[in-house]
Enquirer: 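Once you've had a glance at the structure underneath, I'll fire off some questions.
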2 protein chains.
Amino acid sequence: MAKARAIPLRACPVAAFQKMISGKYKLRIVWDLKDGPRRYGEIRSGLLRGTEGSAAITPRVLSRELKALTESGLIDRKDFGEVPPKVEYRLTRKGKSFVPVVAAIREWGERHLGEPVLAEAAE
Amino acid sequence: MAKARAIPLRACPVAAFQKMISGKYKLRIVWDLKDGPRRYGEIRSGLLRGTEGSAAITPRVLSRELKALTESGLIDRKDFGEVPPKVEYRLTRKGKSFVPVVAAIREWGERHLGEPVLAEAAE
DNA sequence: CAGCATCCTGCGTGATACTG
DNA sequence: CAGTATCACGCAGGATGCTG
């Protein structure tokens, strides 16, 4: 009964976090959605920013990421239900509350990643 | 050169972040080290918190994580150089600057993850 | 347009055994 | 004590083709 491989989330919030944002695109999707709802194709296009050398994300992968994010409760899927298909994804309340965290990550990343590592062996 | 699969970090700080903390233990190691230097075995023991059901992290994996963190510039390895072996790991300046980010992650995680019942009434 | 089905591959992770 | 060496495996993630 959920003890073999289940890690207590309360004891390990970072593990739960890592699991939630596992995958190459989830964080970027959330960040992309912070400006408002986006359609499937728009998200896909947005994921190409800064990755000109690489191929586009495959539908299989994107679909899975979106589904996982939905099941995590970070985003919400809105199917307009008719042809041609139109589906929008938007941040949920939970997802919006997560944006500042991503912002903190981005801010730190911009400040500390991509610049020379100045070794300091203090003391 | 270095453009084939290299994703511009500046264009994608979250990607760089994810790469940096990829792996199940890196975030927890950093968090563990925030209280001060720790020895290899101590880190290993500390990783067992909340994972009683699972086996301990294998030396191979821990070694790899520590090496990666070192090469990322987040932690520093201090080898006392004599027998019996004694090695301490500590956060670098960069690593320390990263702690608040992990704190933000933890805080968010504690608030939004692992609380199936009575969501935000317990604040 | 927004997916799903199938196949395939690399890598992260674990188990086990050995060493300085 | 603090690792390294070897083997094995599951799974994320890419390629390709098809559908409602």
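Residue numbering restarts at 1 for every chain, and letters A, B, ... go by the order of the sequence lines. Values reported hereafter were calculated over all heavy atoms of this structure, with side chains retained and with hydrogens, waters and symmetry mates removed.
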Enquirer: Mind calculating the distance between CZ (A:Arg38) and P (C:dG3) to the nearest angstrom?
Expert: 16 Å

Enquirer: How many whole angstroms separate atom CZ of B:Arg77 from atom P of D:dA2?
Expert: 10 Å

Enquirer: Rounded to whole angstroms, how far apart are CD1 on A:Ile57 and C1' on D:dG14?
Expert: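 Result: 10 Å.
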
Enquirer: Ignoring hydrogens and geometry beyond distance, is the side chain of B:Arg64 in donor-acceptor contact with the base of C:dG12 at under 3.5 Å?
Expert: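 Looking at the base of C:dG12, it does not pair with any donor or acceptor on the side chain of B:Arg64 (distance under 3.5 Å).
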
Enquirer: Are the side chain of B:Lys24 and the backbone of B:Ile57 linked by a donor-acceptor contact shorter than 3.5 Å?
Expert: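 A pair under 3.5 Å: no.
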
Enquirer: Whether A:Lys26 and A:Glu65 form a salt bridge (side-chain N of Lys/Arg under 4.0 Å from carboxylate O of Asp/Glu) is what I want to check.
Expert: yes

Enquirer: What's the closest nucleotide to the B:Glu65 side chain, out of C:dT13, D:dA2, C:dG3?
Expert: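 Output: C:dT13.
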
Enquirer: Considering only D:dA2, C:dT13, D:dG14, which nucleotide approaches the side chain of B:Pro85 most closely?
Expert: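 So the nucleotide nearest the side chain must be D:dA2.
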
Enquirer: Mind calculating the distance between CG (A:Leu47) and P (C:dA2) to the nearest angstrom?
Expert: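 After rounding, the reported distance stands at 14 Å.
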
Enquirer: According to the interplanar angle, ranging from 0 to 90°, do the rings of A:Phe17 and B:Phe17 count as parallel (below 30°), tilted (30 to 60°) or perpendicular (above 60°)?
Expert: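 The arrangement is perpendicular - the two ring planes meet at more than 60°.
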
Enquirer: With nearest nucleotide decided by heavy atoms, which residue, A:Pro59 or B:Gly23, maps closer to the 5′ end of DNA chain C?
Expert: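 It is A:Pro59 whose nearest nucleotide is closer to the 5' end.
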
Enquirer: Specify the residue among A:Leu66 and A:Arg60 whose closest nucleotide of DNA chain C lies further upstream toward the 5′ end.
Expert: A:Leu66

Enquirer: Side chain of B:Tyr25, heavy atoms from C-beta onward: which of D:dG3, D:dG17, C:dT13 has the nearest atom to it?
Expert: C:dT13

Enquirer: B:Pro84 side chain: which of D:dC1, D:dA15, D:dT4 is closest?
Expert: D:dC1

Enquirer: Could you give the CD1-to-C1' distance, from B:Ile75 to D:dA2, as a whole number of Å?
Expert: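 Computing the B:Ile75:CD1 to D:dA2:C1' distance gives 14 Å.
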
Enquirer: Whole angstroms only, please: what is the CG-P distance between B:Leu48 and C:dG14?
Expert: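 So the two atoms are 12 Å apart, to the nearest Å.
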
Enquirer: Do any N or O atoms from the side chain of B:Arg28 and from the backbone of B:Arg49 form a donor-acceptor pair under 3.5 angstrom?
Expert: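 Yes; at least one donor-acceptor contact below 3.5 Å.
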
Enquirer: Does a side-chain N or O from A:Thr58 land closer than 4.0 Å to OP1 or OP2 of D:dG13, or not?
Expert: no

Enquirer: Take a 6.0 Å sphere around NZ of B:Lys19 and say whether it holds more than 12 heavy atoms from other residues, nucleotides or ligands.
Expert: no

Enquirer: Do any side-chain nitrogens or oxygens of A:Lys67 fall under 4.0 Å of OP1 or OP2 in C:dG3?
Expert: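 For C:dG3, neither OP1 nor OP2 has a side-chain N or O of A:Lys67 closer than 4.0 Å.
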
Enquirer: Is B:Tyr40 close enough to D:dT4 that one of its side-chain N or O atoms is under 4.0 Å from OP1 or OP2 there?
Expert: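 Checking D:dT4 against B:Tyr40, no side-chain N or O comes under 4.0 Å of OP1 or OP2.
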
Enquirer: Could you tell me how far apart B:Leu69 (CG) and C:dG12 (C1') are, to the nearest whole angstrom?
Expert: 15 Å

Enquirer: Taking only side-chain nitrogens and oxygens of B:Arg39, does any of them come within less than 4.0 Å of OP1 or OP2 of D:dC1?
Expert: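 For D:dC1, neither OP1 nor OP2 has a side-chain N or O of B:Arg39 closer than 4.0 Å.
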
